[in-house]
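Shown next, in structure tokens, is the structure this report addresses.
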Amino acid sequence: SYSPLKDNINIKNIYEDTSDLLPYVADIYNSPARYNLIAGGRSSTKTREAGAKRIIKKSFNPIYSDSFILCTRTYATNLETTTYSTIKSVIISEGWEQFFKFIQSKKWIVNKVTNAIFTFKGLQNPTAVKSTDNISFWWHDEAEDLPINTIEIIAPTVRGDTLDQDKYRSKIIFTYNPLRPVDDVAEYCQRHFKDCDFKHINIYDLPPKYQNREMLAEAERDRESDDLLWKWKWLGQPHPIMANEPFSTMKTAKAEKSHT
């Protein structure tokens with residue numbers, strides 16, 4: 001069982017306090033924008049902080065009671081060792097394990113305070129997901145390979161059926177390392193740029209305590225040996241060769257003002 005105040009943990013503080021978030025995450029934590037697009041390189045914290053920790057904190061808010069938090073990747077082959085594992089790891093490291101139930105057989109993690117359910121799915125067959133009711137959050141990690149037609153199918157399903165529509169909105173969060181100047185996920189968000197917050201982060205932008213020293217050393221080795229790889233892998237810049245697109249046929253990115 002849980003208590004609203006147990007081991008000096010105040011539930012309201014968990015979902016309202018943003019002092020434990022990195023500045024770029026705190027900046028969008030309570031954003032009114034429906035879409036959040038977070039791009040960046042490796043070890044930039046975009047998956048763990050902007051994706052996992054953010055939605056875990058939000059799951060304590062009573063307004064999301066009994067709703068689903070949909071966590072996806074394009075392919076389901078490694079969900080248990082990636083997205084599911086990341087959510088569980090953050091819960092444990094933050095000392096919130098007592099408030100959650102882990103049901104690995106169903107690929108569910110349930111917040112026992114609000115009964116908000118984290119559900120984990122691959123999107124090889126997106127039509128199987130669109131019938132899910134009451135999705136308040138959709139987070140898709142590694143979104144560089146997410147087809148735009150899949151987004152078009154899933155996005156209308158994310159509508160937070162039980163939310164007070166005058167005060168709260170359902171949220172869609174994409175975290176990714178761009179391959180092309182305009183991947184499908186970026187093209188989709190450009191269409192909705194007035195309702196989208198965009199953030200770009202890399203390991204060099206982080207406060208020192210968040211920078212992994214081993215990863216910094218690897219980044220410097222990549223910089224010395226392969227500048228194009230370094231810019232893609234660590235700075236989160238597009239990589240036309242890995243995207244299998246010749247330079248002459250690549251789309252041109254449009255600089256659109258994000259929602260403020």
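Index from 1, following the sequence. Quick caveat: nothing in here was measured; it's all calculated off a predicted structure.
When L206, I201, N202 are each tested for a side chain to side chain contact (heavy atoms under 4.5 Å, CB included) with Y204, only one passes: N202.
Both tests do not hold together for K112 against F100: distance to the six-membered ring centre under 6.0 Å, angle to the ring axis within 45°.
For the residue pair N134 / R159, no side-chain donor-acceptor distance below 3.5 Å is found, with atom types taken as modelled. Looking at K58 and N30, their side chains do bring a donor and an acceptor atom within 3.5 Å of each other. A side-chain donor from one of Y24 and T45 sits under 3.5 Å from a side-chain acceptor of the other. A donor-acceptor contact closer than 3.5 angstrom links the side chains of S136 and S67. Side-chain polar atoms of N125 and T127 form a donor-acceptor pair below 3.5 angstrom.
K57 contributes a side-chain N or O that, together with a main-chain N or O of D17, makes up a donor-acceptor pair within less than 3.5 Å. In this structure a side-chain-to-backbone donor-acceptor pair under 3.5 Å is missing from D183 to V185. T114 places a side-chain N or O within donor-acceptor distance of the main-chain N or O of S59, the cut-off being under 3.5 Å. In this structure, S43 contributes its side chain and M215 its backbone to no donor-acceptor pair below 3.5 Å. Within the 3.5 Å criterion, the main-chain N or O of I173 finds no donor-acceptor partner in the side chain of N36. Proximity of a side-chain donor or acceptor of S89 to a complementary backbone N or O of S85 within less than 3.5 Å is not detected. Looking only at distances, no side-chain donor or acceptor of N61 sits under 3.5 Å from a matching main-chain atom of Y64. Panel note: side chain N177, backbone W232; a donor-acceptor pair is recorded below 3.5 Å.
Residues that satisfy the salt bridge (Lys or Arg N to Asp or Glu O under 4.0 Å) test with K231, not counting sequence neighbours, are D227. Among residues two or more places apart in sequence or in another chain, the side chain to side chain donor-acceptor pair (under 3.5 Å) test is passed with Y15 by none. Residues meeting the salt bridge (Lys or Arg N to Asp or Glu O under 4.0 Å) test with D27, sequence neighbours left out: K199. Listed by chain and number, the residues in a ring pair (Phe, Tyr, Trp, His ring centres under 6.0 Å) with W138 are F174 (sequence neighbours excluded). Remark: S225 pairs with no residue by the side chain to side chain donor-acceptor pair (under 3.5 Å) rule, at least two apart or across chains. Listed by chain and number, the residues in a ring pair (Phe, Tyr, Trp, His ring centres under 6.0 Å) with F118 amount to none (sequence neighbours excluded). Residues satisfying the ring pair (Phe, Tyr, Trp, His ring centres under 6.0 Å) criterion with Y29, sequence neighbours excluded, are absent altogether. For D141, the side chain to side chain donor-acceptor pair (under 3.5 Å) criterion is met by T47, R73, T175, not counting sequence neighbours.
Hydrophobic cluster membership differs between I92 and F60, with clusters built from Ile, Leu, Val, Met, Phe, Trp and Tyr side chains linked at under 4.5 angstrom.
F137 places a side-chain heavy atom less than 4.5 Å from the side chain of K171. A heavy-atom distance below 4.5 Å is found between the side chains of I103 and S105. By the 4.5 Å heavy-atom criterion applied to side chains, I117 and I109 are not counted as neighbours.
Electrostatic pairing of R223 and E220 counts as a salt bridge here, judged by a charged N lying under 4.0 Å from a carboxylate O.
The ring of Y188 has its center closer than 6.0 angstrom to the ring center of Y35.
Taking CD of E187 as the reference point, atom CD1 of I151 lies at 9.0 Å (rounded to 0.5 Å). Between F102 atom CZ and E97 atom CD the span is 5.0 Å, to the nearest 0.5 Å. How far CG of N111 is from CD1 of I91: 8.0 Å, rounded to the nearest 0.5 Å.
Residue pairs meeting the salt bridge (charged side-chain N to carboxylate O under 4.0 Å, His left out) criterion with at least one partner in residues 205-218, sequence neighbours excluded, are E218-K233. Among residue pairs with one or both ends in residues 41-50, none qualify as salt bridge (charged side-chain N to carboxylate O under 4.0 Å, His left out); sequence neighbours excluded. Applying the salt bridge (charged side-chain N to carboxylate O under 4.0 Å, His left out) definition to pairs two or more places apart or across chains, none involves residues 124-134. Residue pairs meeting the side chain to side chain donor-acceptor pair (under 3.5 Å) criterion with at least one member in residues 145-158, sequence neighbours excluded, are T74-D145, E152-R191.
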